[in-house]
Amino acid sequence: MPDYTKKGKNMIRYIYPIKIKEAKNVVSVDSLFRKKELQIGLNESDIAKFQPNSVIVLDFGKEIRGGVRILTYETQDAKCVRIRIRFGESLSECFAELGKKNATNDHSPRDIEADLSAWSDLCFGDTGFRFVRIDLLSDGWFCVKSIVAKSYELNKQPIYSYMGNDKLVSSVFDVAKRTIDLCSVGQYVYDGIKRDRLVWVGDMYPEMLALTTLYGSFPALERSLNFAKKQYPLPQFMYNMPTYSLWWILLVCDYYDQTSKKEFLSDKLDYMFGLLKLFDGRIGVDGKLDLNNYFVDWPSVGSVDEYIGAVFIAIAAYKKGIALLSKFGFDVGSFEVSLAALCQNDFAVRELKQVVGLKYFALGWISDEDYALLVRDGAQGFSTFMSWFILEAVAARDKELAVKLMKEYYGGMLAVGATTFFEDFDLKWLQNSSALDELPSQGQKDVHGDFGTQCYMGFRHSLCHGWSSGVIAFIKTHCC
């Protein structure tokens, strides 16, 4: 009795709940744990009955990309009943009313109402979740055979898996792999499975590292880079964010370096040349970079290090772009002049570890002062998006310490029950906070609803974000 359907490189898996976190006015709730044929019959006996004012909260055990499938057997007088479904990446999110701690229906609605009818088999939602709460809104009753999660999962054989003996490293690898798999299961690569369905190439570099480490070439990544190029013909910067165009250059160069796919480059070299020409016009003879914004990552917005972080991204893009274009016969003379100008900037980093990581990425060196900033307070101040850059910079001087810091940072998310890794994470959030599968007790913080900043305040914060999976590449290099 299979609980999955294969379709090309992807598959749909049906997952039964592992726990009932709350049940009110539901009879024979244990029947929901039992695996059955996912087909309604006229003579069902192993059913759960939802009576008026019933509530049930299901825990499916891990983060899922998809929705919930409800096989309804009977309803009172064979009439439709109205239910409310709330999805939550944390238990507390599926208890939240819209607006509470920034609980939203943005992009992939997670708080919806729907009708159930007798002898029906219906799927609801397409989002990221682990928990589902169902409230009966009608006066009548209904009976269900099964409630299962419909999970879209990647069906692709990896070329690399962590085979070491360190259990914590193994757990970090497994959770990072699930994170990037869920974000890459469709035709394009997304940054967060409960958020918008846009292709954010500025967020994609750590995802590229993870995907090429795990699988080598990856068509969804190639489609994503092609889509972004088509969306923003020259002389536009991608998303009106110049650093995103720089990341596109880095992605194309390093994806080619990892895969050696010349056909992938066929329609990109001229565009890359045009992008660098566009940036030439934004670089003064004194090396000053003149952009409409200098976005590096969300935690660095408005910081004293934001500008120099953008300069490091530009230097890295110019270096890699020059190397690739010259290999294919392009005249890169003006780009070499711009790169030399950029290198006149003051490279001092004052407060942000991720910008030190970018400095090492761009220049291949950091100062003693930079290193002291990197290792100060352990993994405090890390960025999920920039974790690979930070860890590589530490590993250049002390590999064992870098592995220790990786375990401290990612282990912190595991400690609160993460089954995928987050959009952002700060070790300070662990202090007196509840786990993801608990409701906060009196005086406790909610690790999901009480933290976050910028565009990911509270429950809008994504707990399955592909950019946090760059650690996979670090593990392969330093933890074998």
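If you're wondering where the values come from, they're calculated on a predicted model, not measured in any experiment. Quick note: residue numbers are just sequence positions, from 1.
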By side chain to side chain donor-acceptor pair (under 3.5 Å) - contacts of Asp270 (at least two apart):
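Here no residue qualifies.
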With sequence neighbours excluded, residues passing side chain to side chain donor-acceptor pair (under 3.5 Å) with Lys407:
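Asp166.
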Least distance between heavy atoms, Ala228 atom then Val201 atom:
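Looking at all heavy atoms of both residues, the closest pair is CB-CG1, 3.5 Å.
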Please give me the minimum heavy-atom distance between Asp346 and Arg350, naming the atom from each residue.
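Minimum heavy-atom contact is OD2-NH2, 3.9 Å.
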[atom1] ([X]) with more than 12 external heavy atoms under 6.0 Å:
{"X": "Lys21", "atom1": "NZ", "result": "yes"}
{"X": "Asp286", "atom1": "CG", "result": "yes"}
{"X": "Phe227", "atom1": "CZ", "result": "no"}

Within 45 degrees of the ring normal and closer than 6.0 Å to the centroid, is that where the cationic atom of Arg69 sits relative to Tyr14?
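Yes, cation above the ring, under 6.0 Å and within 45°.
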Would you kindly check if the NZ (Lys) or CZ (Arg) of Lys229 is within the cone defined by 45 degrees around the ring axis of Tyr232 and under 6.0 Å from the six-membered ring centre?
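No, Lys229 does not lie over the aromatic ring of Tyr232.
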side-chain contact (heavy atoms from CB on, under 4.5 Å) with Ser303: which residues, sequence neighbours excluded?
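Residues passing side-chain contact (heavy atoms from CB on, under 4.5 Å) with Ser303: Ser300, Asp305, Glu306, Glu351, Leu352.
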Would you call the rings of [X] and [Y] parallel, tilted or perpendicular, where under 30° means parallel and over 60° means perpendicular?
{"X": "Tyr160", "Y": "Phe173", "value": "perpendicular"}
{"X": "Phe312", "Y": "Phe347", "value": "tilted"}
{"X": "Tyr205", "Y": "Phe361", "value": "perpendicular"}

Measuring centre to centre across the rings, with the benzene-like ring taken for any Trp, is Trp200 within less than 6.0 Å of Tyr190?
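No; Tyr190 has its ring centre 6.0 Å or more from that of Trp200.
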ring-ring contact (aromatic ring centres under 6.0 Å, His included) with Trp467: which of Phe385, Phe422, Phe389, Trp298?
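Result for ring-ring contact (aromatic ring centres under 6.0 Å, His included) with Trp467: Phe385.
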If the test is ring-ring contact (aromatic ring centres under 6.0 Å, His included), which one of Phe474, Trp388, Phe425, Phe421 qualifies with Tyr409?
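Of all the options given, the one that passes is Phe425.
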Are the side chains of Tyr456 and Ser462 in touch, meaning some heavy atoms are under 4.5 Å apart?
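Contact flag for Tyr456/Ser462 side chains = no.
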Name the residue from His465, Glu93, Glu63, His461 that meets the side-chain contact (heavy atoms from CB on, under 4.5 Å) definition with Lys194.
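Single side-chain contact (heavy atoms from CB on, under 4.5 Å) partner of Lys194 among His465, Glu93, Glu63, His461: Glu93.
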